[in-house]
Chemist: 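Take this structure, written in structure tokens, and hold onto it; I'll ask about it next.
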Number of protein chains: 2
Amino acid sequence: MSADLTRNQTLVMKTLSGAEAPLSAYTILDRLRDDGLRAPLQVYRALDKLTEMGLVHRLESLNAFVACAHPNCHQQELIAFAICETCGKVEEFSDEVVKDRLDGWTRAHSFRPAKTTIEIRGNCGGCVGKA
Amino acid sequence: MSADLTRNQTLVMKTLSGAEAPLSAYTILDRLRDDGLRAPLQVYRALDKLTEMGLVHRLESLNAFVACAHPNCHQQELIAFAICETCGKVEEFSDEVVKDRLDGWTRAHSFRPAKTTIEIRGNCGGCVGKA
DNA sequence: AAGGATATGTAATGTCATAACATTCAAGCC
DNA sequence: GGCTTGAATGTTATGACATTACATATCCTT
Ligand SMILES: [Zn+2]
Ligand SMILES: [Zn+2]
Ligand SMILES: [Zn+2]
Ligand SMILES: [Zn+2]
């Protein structure tokens, strides 16, 4: 399994796990002032490691981070995110057909993919109508 | 067709059209100093309009902008980007199957999508090996 | 000419992320 | 124990991306 987390990584992980919506690095920092964190870099370093371990995802269209909803389940597959712009809730899912189609395109174009981002922004079922 | 562009929109559009790779708003600003632009907002406002018109795309994973490769061709469809991290070249493409699969997921989950981002980062055929 | 909508100019500020350097900590070896 | 070494941490400063707020100008319609 994955190695134990360090102190700062544990603090950041707990903050993200307890959050209802994605958090920016600076929001995480604010919530951890009382635990001794003072500088952005302390949070960014923890986020980097947690992301490497697959415990946290970065949402590119939000410049924010979420705890993985299925830790240790989708180590290497393609993940898509549905992000509600009203309540902030994020759903993760994978789709083999989407993956195959994108893989097909990259192969056909001799493109070597390193990281793929799929983010759908909109409103979740509970928020449609309220927005 | 689309309305004529304003002065600032024209300047920004020309800069992006002539670029080999995505440009950040501040890079665009730097290239337009001699044309009288002084503040980021002048560029951001033009980019907003150009994006609305479909002439420019924002790359979320890069915080940068590119001229559309197929203006007036894909007004409303889902667009995917393959971005070379070595040479910066960006390829746009659409895939109906990917669109259908993502639409299927959102319908099944009562999610109302507003904007979908698909960005594949990696290395293009010409750059594989050099990186 | 008057009014309203759109576009522009400018300064200040807010938000996100990293560089550079010093210090501390834990583990393995002599 | 005392040493080395690599990882993690702490701190300051800076860089990069984006928006708020307000003033002014321009264009189009009446
Ligand atoms: Zn996940
Ligand atoms: Zn919602
Ligand atoms: Zn396009
Ligand atoms: Zn390339």
Side-chain angles (χ1 to χ4, degrees), chain A residues 2-16 19 21-53 55-66 81 83 85 88 90 115 117 119 121, chain B residues 2-16 19 21-53 55-66 81 83 85 88 90 115 117 119 121:
Chain A
S2 58
D4 285 336
L5 301 181
T6 66
R7 169 188 151 79
N8 287 358
Q9 287 161 16
T10 303
L11 288 170
V12 169
M13 193 65 220
K14 279 184 184 169
T15 304
L16 279 177
L23 300 179
S24 75
Y26 277 75
T27 302
I28 296 169
L29 176 58
D30 285 341
R31 298 192 182 181
L32 291 174
R33 297 268 180 204
D34 293 343
D35 294 283
L37 293 209
R38 323 298 320 258
L41 207 50
Q42 296 175 286
V43 173
Y44 280 109
R45 287 199 276 230
L47 287 170
D48 282 349
K49 295 293 183 181
L50 292 169
T51 301
E52 275 176 23
M53 296 180 208
L55 298 175
V56 163
H57 301 296
R58 173 185 170 82
L59 299 175
E60 301 288 350
S61 67
L62 252 44
N63 292 336
F65 302 83
V66 284
F81 299 91
I83 305 165
E85 293 179 323
V90 176
K115 174 163 190 244
T117 298
E119 296 178 13
R121 298 186 56 177
Chain B
S2 60
D4 287 335
L5 301 182
T6 67
R7 170 187 149 80
N8 288 359
Q9 288 161 17
T10 304
L11 289 170
V12 169
M13 193 66 220
K14 279 184 185 169
T15 304
L16 278 178
L23 300 179
S24 75
Y26 276 75
T27 302
I28 295 170
L29 176 58
D30 284 342
R31 297 192 183 181
L32 291 174
R33 297 268 179 202
D34 292 344
D35 295 283
L37 293 208
R38 324 297 319 262
L41 203 50
Q42 297 175 288
V43 173
Y44 280 109
R45 285 199 277 231
L47 287 171
D48 283 348
K49 295 292 183 183
L50 293 169
T51 301
E52 275 176 23
M53 297 180 209
L55 299 175
V56 163
H57 301 296
R58 173 183 170 82
L59 299 175
E60 301 288 351
S61 67
L62 251 45
N63 292 336
F65 302 83
V66 284
F81 300 91
I83 305 165
E85 294 179 322
V90 176
K115 178 170 189 238
T117 299
E119 297 178 14
R121 299 186 53 178

Chemist: B:Gln42 side chain N/O closer than 4.0 Å to the phosphate oxygens (OP1, OP2) of C:dG9?
Modeler: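 Answer yes for this pair, as a side-chain N or O of B:Gln42 is under 4.0 Å from OP1 or OP2.
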Chemist: Think B:Arg7 has a side-chain N or O under 4.0 angstrom from the OP1 or OP2 of C:dT6?
Modeler: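 Checking B:Arg7 against C:dT6: no side-chain N or O falls below 4.0 Å of OP1 or OP2.
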Chemist: Is A:Glu60 paired with A:Lys115 through a side-chain N to carboxylate O contact shorter than 4.0 Å?
Modeler: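 Counted as a salt bridge, because a side-chain N and a carboxylate O are separated by less than 4.0 Å.
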Chemist: Using a cut-off of less than 4.0 Å, is there contact between a side-chain N or O of A:Asn8 and OP1 or OP2 of D:dG10?
Modeler: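 True: A:Asn8 side-chain N/O within range (under 4.0 Å) of D:dG10 OP1/OP2.
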Chemist: Without decimals, in angstroms, what is the distance between A:Leu41 CG and C:dA17 C1'?
Modeler: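 Atom-to-atom, A:Leu41 to C:dA17, this comes out as 9 Å.
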Chemist: Starting at CD of B:Glu60 and ending at P of D:dA16, how long is that distance when rounded to a whole Å?
Modeler: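 Rounding to the nearest Å, CD of B:Glu60 and P of D:dA16 are 20 Å apart.
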Chemist: Restricting to nitrogen or oxygen on both sides, can you table the protein-nucleotides 22-27 of chain C pairs closer than 3.5 Å?
Modeler:
none

Chemist: Should B:Tyr26 be listed as having a side-chain N or O under 4.0 Å from OP1 or OP2 of D:dC17?
Modeler: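 No, outside the criterion.
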Chemist: Of the options C:dA17, D:dT11, C:dC16, whose atoms approach the side-chain atoms of A:Arg58 most closely?
Modeler: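 Shortest atom-to-atom distance from the side chain points to C:dA17.
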Chemist: Minimum heavy-atom separation for A:Ala25 to A:Tyr44, with atom names?
Modeler: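 For A:Ala25 and A:Tyr44, the tightest heavy-atom pair comes out as CB-CZ, 3.4 Å.
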Chemist: Rounded to the Å, how far apart are A:Tyr44 OH and D:dG10 C1'?
Modeler: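 Interatomic distance, OH of A:Tyr44 to C1' of D:dG10: 17 Å.
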Chemist: May I ask you to evaluate whether A:Asn63 reaches the phosphate of C:dA17, defined as a side-chain N or O under 4.0 Å from OP1 or OP2?
Modeler: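 A:Asn63 to C:dA17 OP1/OP2: side-chain N or O found under 4.0 Å.
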Chemist: Indicate, with a heavy-atom threshold strictly under 4.0 Å, whether A:Ala25 touches base, sugar-phosphate, or nothing.
Modeler: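 A:Ala25: no heavy atom of the nucleic acid under 4.0 Å.
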Chemist: Might you point out which heavy atoms bring B:Val12 and B:Ala46 nearest each other, and give the distance in Å?
Modeler: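 That closest heavy-atom pairing would be CG2-CB, 3.7 Å.
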Chemist: Check for a donor-acceptor pair, side chain of A:Arg45 on one end and backbone N or O of A:Asn8 on the other, with a separation under 3.5 Å.
Modeler: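 No; zero donor-acceptor contacts below 3.5 Å.
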Chemist: Could you tell me whether a side-chain N or O of B:Gln42 sits under 3.5 Å from a main-chain N or O of B:Leu37, the two making a donor and an acceptor?
Modeler: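 Flag not set: sc B:Gln42 to bb B:Leu37 has no pair under 3.5 Å.
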Chemist: How long is the line joining CG of A:Asp48 and C1' of D:dT9, in whole Å?
Modeler: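 A:Asp48 atom CG is separated from D:dT9 atom C1' by 14 Å.
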Chemist: Find the distance A:Leu29:CG to C:dC16:C1' and express it as a whole number of Å.
Modeler: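 The answer, rounded to whole Å, is 12 Å.
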Chemist: Is any side-chain nitrogen or oxygen of A:Thr6 closer than 4.0 Å to OP1 or OP2 of D:dA8?
Modeler: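 Answer no for this pair, as no side-chain N or O of A:Thr6 is under 4.0 Å from OP1 or OP2.
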Chemist: Considering only D:dC17, D:dT19, D:dT11, which nucleotide approaches the side chain of A:Ala39 most closely?
Modeler: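 Of all the options, the side chain of A:Ala39 is nearest to D:dT11.
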Chemist: Taking the side chain as every heavy atom from C-beta outward, state whether B:Leu16 and B:Leu47 have any atom pair closer than 4.5 Å.
Modeler: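 The answer is yes; the side chains approach within 4.5 Å.
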Chemist: Check whether any side-chain N or O of B:Arg33 sits under 3.5 Å from a backbone N or O of B:Arg38 as a donor-acceptor pair, and report yes or no.
Modeler: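 Between the backbone of B:Arg38 and the side chain of B:Arg33 there is a qualifying donor-acceptor contact (under 3.5 Å).
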Chemist: Below the 4.0 Å mark, does C:dT6 have OP1 or OP2 next to a side-chain nitrogen or oxygen of B:Lys49?
Modeler: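 False: B:Lys49 side-chain N/O out of range (4.0 Å or more) of C:dT6 OP1/OP2.
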